[in-house]
Amino acid sequence: AMLRLRLLTWDVKDTLLRLRQPVGQSYAAEARAHGLQVQPEALGRAFREVYGAQSRRFPNYGHGQGLSSRQWWLDVVKQSFRLSGVRDEAALTKVAEKLYRDFCSSHNWEVLPGAAETLSRCRQLGLRMGVVSNFDSRLEVVLSQCNLRHHFEFVLTSEAAGFAKPDGRIFEQALRLGGARPEQAAHIGDDYSRDYRAARAAGMHSFLLRAAGQDEGPEVPPEHVLPTLSHLLARIEK
């Protein structure tokens, strides 16, 4: 390979895995099973608002602020329902616990087209592989349940690292774990600032997964853009 890569690091959400359905629908379905009627659209809006507020108040799942990521998520779920008008606290606690467990499983996540094949091909090329994701500690289980965990030598979450992308320190930890210098490594992700630009700022190569027609956003050299994951091999095998 022209790039002489030794290590590939991967974002997960919307790069390798995506939610099977919008959060509002998953939450509303679980609520119905507990006898609560909530509109999925209202729940979706409430979730986005609550998730944003919680992320600003307690960044990176409350790391270093005395919150566990589990508590962080249970609070987000309950607040989303409260904001949607649900008042039954006992039911809310049950729903939140169940949703926290369910979002660990392939019940809620699906593998993006081309992901499994691309990961297999990269391993066949002899590349070391790791995950760098702004995710909580459930990610190991999620990847195992979706049958992707075996592709990776390490899974580095922002919760475990103590830093979230775009902080360069999470990439430095990944390079140590992968035993590579920055110029020997490339990161693949779907977010311009957290994945593409942050990895480059850390001295790595990077590729931005950006579906055709999804061109709003900053200019990126075309050879760094992946219209699908299957385009990666051609980019690194040059």
Side-chain angles (χ1 to χ4, degrees), residues 8-27 40 43-45 47-52 54-55 59-61 69 73 76 80 99 102-120 122 129-149 151-152 155-161 163-167 170-171 174 186-200 204-218 220 224-233 235:
L8 293 183
T9 62
W10 296 81
D11 171 54
V12 174
K13 187 174 184 290
D14 296 326
T15 298
L16 297 173
L17 297 177
R18 64 183 170 208
L19 290 173
R20 289 184 186 273
Q21 58 179 1
V23 170
Q25 288 182 26
S26 301
Y27 281 25
L43 256 179
R45 282 193 301 275
F47 170 79
R48 285 189 293 278
E49 189 176 320
V50 169
Y51 179 90
Q54 184 86 327
S55 300
N60 197 14
Y61 311 106
S69 57
W73 273 113
V76 165
S80 300
L99 283 167
D102 277 358
F103 274 83
C104 272
S105 73
S106 52
H107 177 69
N108 278 317
W109 296 96
E110 64 188 1
V111 179
L112 264 86
E117 298 77 8
T118 301
L119 292 170
S120 295
C122 290
M129 306 247 281
V131 160
V132 179
S133 171
N134 288 357
F135 215 100
D136 61 80
S137 55
R138 292 175 294 177
L139 187 56
E140 289 269 3
V141 178
V142 171
L143 288 166
S144 297
Q145 293 258 329
C146 295
N147 198 28
L148 294 182
R149 176 64 185 89
H151 292 297
F152 303 108
V155 172
L156 183 60
T157 62
S158 59
E159 182 179 9
F163 306 105
K165 299 179 297 188
D167 192 311
I170 193 171
F171 290 104
H187 180 68
I188 297 101
D190 71 304
D191 187 281
Y192 173 78
S193 60
R194 285 194 292 265
D195 291 311
Y196 179 76
R197 206 180 60 201
R200 295 205 160 250
M204 297 167 67
H205 301 274
S206 63
F207 297 97
L208 181 65
L209 183 64
R210 192 186 254 178
Q214 198 194 327
D215 291 280
E216 64 286 352
V220 175
H224 298 165
V225 175
L226 307 175
T228 72
L229 286 179
S230 310
H231 285 73
L232 178 66
L233 275 305
R235 302 275 194 273

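Quick note: residue numbers are just sequence positions, from 1. Owing to the predicted nature of the structure, the values given are computational and were not obtained by experimental measurement.
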Q. Would you say L148 and V142 make side-chain contact, with heavy atoms under 4.5 Å?
A. no
Q. Looking at CG of N134 and CG of D11, how far apart are the two atoms once the value is rounded to the nearest 0.5 Å?
A. 8.0 Å
Q) Tell me, do S69 and S137 make a side-chain contact under 4.5 Å, heavy atoms counted? A) yes
Q) side chain to side chain donor-acceptor pair (under 3.5 Å) with R18: which residues, sequence neighbours excluded? A) E110
Q. Hey, what's the ring geometry for Y27 with F103, parallel, tilted or perpendicular (30° and 60° as the breaks)?
A. perpendicular
Q) Could you give the distance from CG (L17) to CZ (F135), rounded to the nearest 0.5 Å? A) 7.5 Å
Q | Between CZ on residue F152 and CG on residue L119, distance to nearest 0.5 Å | A | 4.5 Å
Q: Indicate whether the side chain of H187 and that of D195 have a donor and an acceptor atom separated by less than 3.5 Å.
A: yes
Q) Would a distance-only check, ignoring hydrogens and angles, find a side-chain to backbone donor-acceptor pair under 3.5 Å from R20 to S106? A) yes
**Q.** CH2 on W10 to CG on L229, rounded to 0.5 Å
**A.** 5.5 Å
Q | Interatomic distance, L232 atom CG to C122 atom SG [nearest 0.5 angstrom] | A | 5.0 Å
Q: Please tell me if the side chains of K13 and W109 come closer than 4.5 Å, counting only heavy atoms from C-beta onward.
A: yes
Q.
Quick check: closest heavy atoms across R235 and V225, and the distance to 0.1 Å?
A. NH2-O, 2.5 Å
Q: Identify the heavy atoms of L208 and V220 that sit nearest to each other, and give their distance.
A: CD2-CG2, 3.9 Å
(Q) How close do E140 and R149 get, counting heavy atoms only, and between which atoms? (A) OE1-NE, 2.5 Å
Q: State, yes or no, whether a side-chain contact exists between T228 and P113 at a heavy-atom distance under 4.5 Å.
A: no
Q. Do Q145 and S105 have side-chain atoms, one donor and one acceptor, less than 3.5 Å apart?
A. no
Q: Give a yes or no answer on whether the side chain of R194 reaches the backbone of A164 with a donor-acceptor pair at less than 3.5 Å.
A: no
Q. For A186 and M204, which heavy atoms make the closest approach, and how far apart are they?
A. C-CE, 4.0 Å
**Q.** Distance in Å, S26 OG paired with L43 CG, rounded so as to fall on 0.5 Å steps
**A.** 10.0 Å
Q: Can you see which heavy atom on V132 is nearest to which on T9, and at what distance?
A: CG2-CB, 3.8 Å
Q | Least distance between heavy atoms, S158 atom then Y61 atom | A | OG-CE1, 3.8 Å
Q | Stepwise salt bridge (Lys or Arg N to Asp or Glu O under 4.0 Å) test for K165 and D191 | A | CA-CA 10 Å; K165 299 179 297 188; D191 187 281; over 6 Å; no
**Q.** Donor-acceptor pair, side chain of T15 and main chain of G189, under 3.5 angstrom
**A.** no
